[in-house]
2 protein chains.
Amino acid sequence: MEKEITIYDIAKILGLSPATVSRALNDHPAININTKTSIVTKASELGYRSNTFASNLRKRKTNTLGVIVPRLNSNFMSAVLAGMEEVANEAGYNLIISQSLESVKKEIANARTMFNSMVDGLLASVAYDTDDAGHFESFVAKGIPVIFFDRIIGDARFSGVTIDNVKAGYEVTRHLVGQGCSRILHVTGNLKRNVYAGRMEGYKRAIAEFDLPQDESLILVTDLGQEAGKAAAQYLHTLPARPDGIFLASDVCAVSCIQALKEIGYVVPGDVAVAGFNNDPVSQVIEPNLTTVHYPGDQIGQVAVKTMINHLNGHSSIHPASSIILDSELIIRGSSLRKKKGN
Amino acid sequence: MEKEITIYDIAKILGLSPATVSRALNDHPAININTKTSIVTKASELGYRSNTFASNLRKRKTNTLGVIVPRLNSNFMSAVLAGMEEVANEAGYNLIISQSLESVKKEIANARTMFNSMVDGLLASVAYDTDDAGHFESFVAKGIPVIFFDRIIGDARFSGVTIDNVKAGYEVTRHLVGQGCSRILHVTGNLKRNVYAGRMEGYKRAIAEFDLPQDESLILVTDLGQEAGKAAAQYLHTLPARPDGIFLASDVCAVSCIQALKEIGYVVPGDVAVAGFNNDPVSQVIEPNLTTVHYPGDQIGQVAVKTMINHLNGHSSIHPASSIILDSELIIRGSSLRKKKGN
DNA sequence: ATTTGTATTGCAATCGATTGCATAAATTTT
DNA sequence: AAAATTTATGCAATCGATTGCAATACAAAT
């Protein structure tokens with residue numbers, strides 16, 4: 001554990017002042033090119049590395065972004081993170097990542113940690129049950145930008161990066177209708193979350209537009225887990241007026257639902273057409289392949305971080321309230337295809 | 001952007017010295033209980049937050065662990081990260097995560113960044129092509145612990161957390177043999193990596209033990225991607241002496257292989273029994289369900305971080321060279337089941 | 001030769017928290 | 001009552017890098 005080289009060491013060796021060394025290493029224009037070269041050379045020769053803490057302490061900036069997600073281990077989220085990491089890394093920012101495990105309590109704790117770590121900005125996708133943005137107030141108060149992604153909070157003080165869930169939900173439902181479905185069950189998640197509320201609204205719009213039954217018993221609020229998928233299949237089986245289509249707000253849930261439906265004896269899409277959401281890898285493995293909505297996780301991550309960094313550099317003028325809406329895409333596969341033509 | 005509260009502010013208000021305030025906030029035993037209480041109260045009243053940089057600068061410790069992974073967006077890796085985050089968070093450590101995208105060059109750059117960020121310890125799973133531990137030397141030199149996980153480097157100066165890949169590979173192969181397979185194709189990844197080399201060695205041992213053909217044409221080195229799975233199916237189809245079993249070192253690859261096999265017209269497991277590795281979610285969706293090895297990602301992550309933190313706290317005495325081997329488990333499913341009984 | 005300008009470099013304070021050592025006050029021992 | 005402890009607090013240096021404001025040197029202009 002040898003001692004670290006500091007700018008003082010370099011200064012002493014070269015007979016210069018620490019100030020000059022510091023400037024040279026930061027490529028300050030006022031330093032003579034020869035001096036600069038010799039300093040840089042000597043620095044790398046000695047294996048000098050800048051002490052981030054001293055630097056951060058002085059500059060009051062951390063070059064670190066905080067990220068809070070509900071869960072790390074979902075296909076979608078890891079795509080988001082991969083996208084974030086890519087952009088952040090390129091711009092010289094580090095990411096501190098934490099997961100709330102869908103618990104508001106842990107989310108609050110994580111936010112506090114991020115706050116105390118003095119992140120330059122915060123990127124968050126909120127937990128299932130989060131009611132308000134109280135735990136993000138402190139960031140606002142200190143002028144630290146907060147950007148929500150995917151699961152955003154409808155609050156005028158934060159911007160968000162997401163897709164048009166209403167439109168996507170509408171398109172899925174319209175597609176099912178186009179395939180001849182006339183009673184469509186919608187399986188969704190906690191409606192506090194924009195993503196699920198939006199998809200449901202899209203569903204309802206399409207239902208209304210095509211004069212289909214607006215039956216409350218056709219909407220099932222669940223946790224969208226694997227069990228929920230099975231339960232949805234059972235539920236459908238018990239309904240007197242049997243639905244002939246299901247739109248589930250998550251692929252993982254949709255897949256287990258299809259499995260359960262097949263077990264009960266239904267034919268997909270013959271008896272029941274099924275559509276999911278997310279374009280998870282499992283959607284291309286289940287038989288029949290699952291109709292779904294491609295959800296650009298990596299793009300969401302990239303855009304969120306890009307927006308954040310631009311904002312930190314003062315290069316942008318995003319209104320706090322503005323949201324960035326990325327394109328999603330309906331992907332039609334076997335699980336809903338009953339007709340050869342049309343959509 | 002109001003100004004931050006510092007211990008000096010608190011000291012002034014309470015008529016004490018910054019030293020006392022600092023000690024009180026760190027629960028130093030020499031501080032009077034009443035003094036301590038009043039300081040803590042006032043601090044939270046003012047919304048004081050400790051400046052990590054000043055603290056780190058003085059303490060020469062960052063409470064941050066660096067993590068380098070090949071890719072963030074795989075099911076296995078996100079499980080690992082989730083496990084890591086859980087343990088780290090609980091112990092008050094932050095994680096800085098970066099991905100090499102399977103590129104040695106990026107891995108080297110990431111290592112340098114981590115080094116310059118002065119992480120207290122480094123956790124790494126190396127890229128496909130990484131040949132040596134050169135870029136981790138600097139950590140060793142500075143006495144910063146490095147722990148590899150999953151894809152470890154066989155170097156006496158680093159410890160690692162992984163599973164017994166040889167044993168797992170052996171068990172998979174033995175199982176296939178037990179199901180009546182007599183020509184088993186093994187599809188693997190870059191053999192520089194212990195995980196693939198180990199699985200292959202296990203495969204070879206079983207092959208030798210049961211006197212099956214040790215044909216080099218039965219070993220296929222690929223990148224284990226989806227395309228590789230399809231290619232493997234095609235390859236099998238072209239072999240004059242048709243294999244009746246395939247052991248692929250990754251589920252994702254195995255699943256696309258099964259799909260391609262079925263497309264060509266093979267019956268799984270009737271014509272060809274298939275086994276994968278990782279227990280990825282897709283293994284339970286493909287039909288027939290895929291026989292695989294459960295790979296405890298979250299445990300690997302948890303253990304790696306626990307080991308690291310114990311080491312940092314001086315609580316442990318892991319020899320640098322020692323490795324921690326976690327249990328894996330053969331999970332038998334339809335894709336390899338030809339007989340009703342036995343394995 | 002004097003003034004003005006320009007290019008480089010240094011001085012010294014600053015960013016907050018920590019900690020070894022010293023001091024002061026309160027308590028106990030002799 | 002004086003001495004020895006114990007308890008509680010303060011002093012001041014330290015951790016490295018940054019930066020506004022001089023200061024110096026040398027070239028150009030008058």
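Please read these numbers as outputs of a predicted model, since none were measured by experiment. Here is how names work: the chains are called A, B, and so on, in the same order as the sequence lines, proteins then strands, and each is numbered from 1. Because only heavy atoms are used, hydrogens play no part in the values below, and waters and symmetry mates are left out as well, while side chains stay in.
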For the pair B/Gln302 (side chain) and B/Met84 (backbone), establish whether a donor and an acceptor sit closer than 3.5 Å, ignoring hydrogens and angles.
no
Which nucleotide sits closest to the side chain of A/Arg58: C/dT19, C/dT9, C/dT14?
C/dT14
Counting only N and O atoms by type, is there a donor-acceptor contact under 3.5 Å from the side chain of B/Ser125 to the main-chain atoms of B/Phe149?
yes
Using atom CG of B/Asn56 as one end and atom P of D/dA17 as the other, report the distance to the nearest whole Å.
15 Å
Residue pairs meeting ring-ring contact (aromatic ring centres under 6.0 Å, His included), one or both in residues 74-103 of chain B, sequence neighbours left out, come to B/Phe76-B/Tyr295
Does the distance from a Lys or Arg side-chain N to an Asp or Glu carboxylate O, for B/Glu4 and B/Arg49, drop under 4.0 Å?
yes
Rounded to whole Å, please give me the gap between CD1 in A/Ile39 and C1' in D/dT18.
14 Å
Quickly work out the A/Leu14 CG to C/dG10 P distance and round it to whole Å.
10 Å
Atom-to-atom span, CE of B/Met118 to P of D/dC15 - whole angstrom
14 Å
Could you check how far CD1 of A/Ile7 sits from C1' of D/dC15, rounded to whole Å?
12 Å
Which pairs pass salt bridge (charged side-chain N to carboxylate O under 4.0 Å, His left out) with one or both residues in residues 17-33 of chain B, sequence neighbours excluded?
B/Asp27-B/Lys36
Take a 6.0 Å sphere around NZ of A/Lys61 and say whether it holds more than 12 heavy atoms from other residues, nucleotides or ligands.
yes
Taking only residues two or more places apart in sequence, or in another chain, which ones meet B/Asn26 in a side-chain contact (heavy atoms from CB on, under 4.5 Å)?
B/Ser22
With respect to the phosphate group of C/dC15, does any side-chain polar atom (N or O) of B/Thr6 fall under 4.0 Å of OP1 or OP2?
no
In whole angstrom, what separates B/Glu4's CD from C/dA17's P?
9 Å
For DNA chain C, find the residues of residues 17-33 of chain B with a heavy-atom distance under 4.0 Å and give them by number; none if there aren't any.
B/Ala19, B/Ser22, B/Arg23, B/Asn26
Pairs touching residues 73-89 of chain A that satisfy salt bridge (charged side-chain N to carboxylate O under 4.0 Å, His left out), sequence neighbours left out:
A/Glu85-B/Lys106
Can you figure out which of D/dT9, C/dA17, D/dT18 approaches the side chain of B/Leu16 most closely?
D/dT9
Parallel, tilted or perpendicular: rings of A/Phe139 and A/Phe115 (30°, 60°)
perpendicular
Enumerate the residues from residues 43-54 of chain A whose closest heavy atom to DNA chain C is under 4.0 Å, giving them by residue number; use none for an empty result.
none
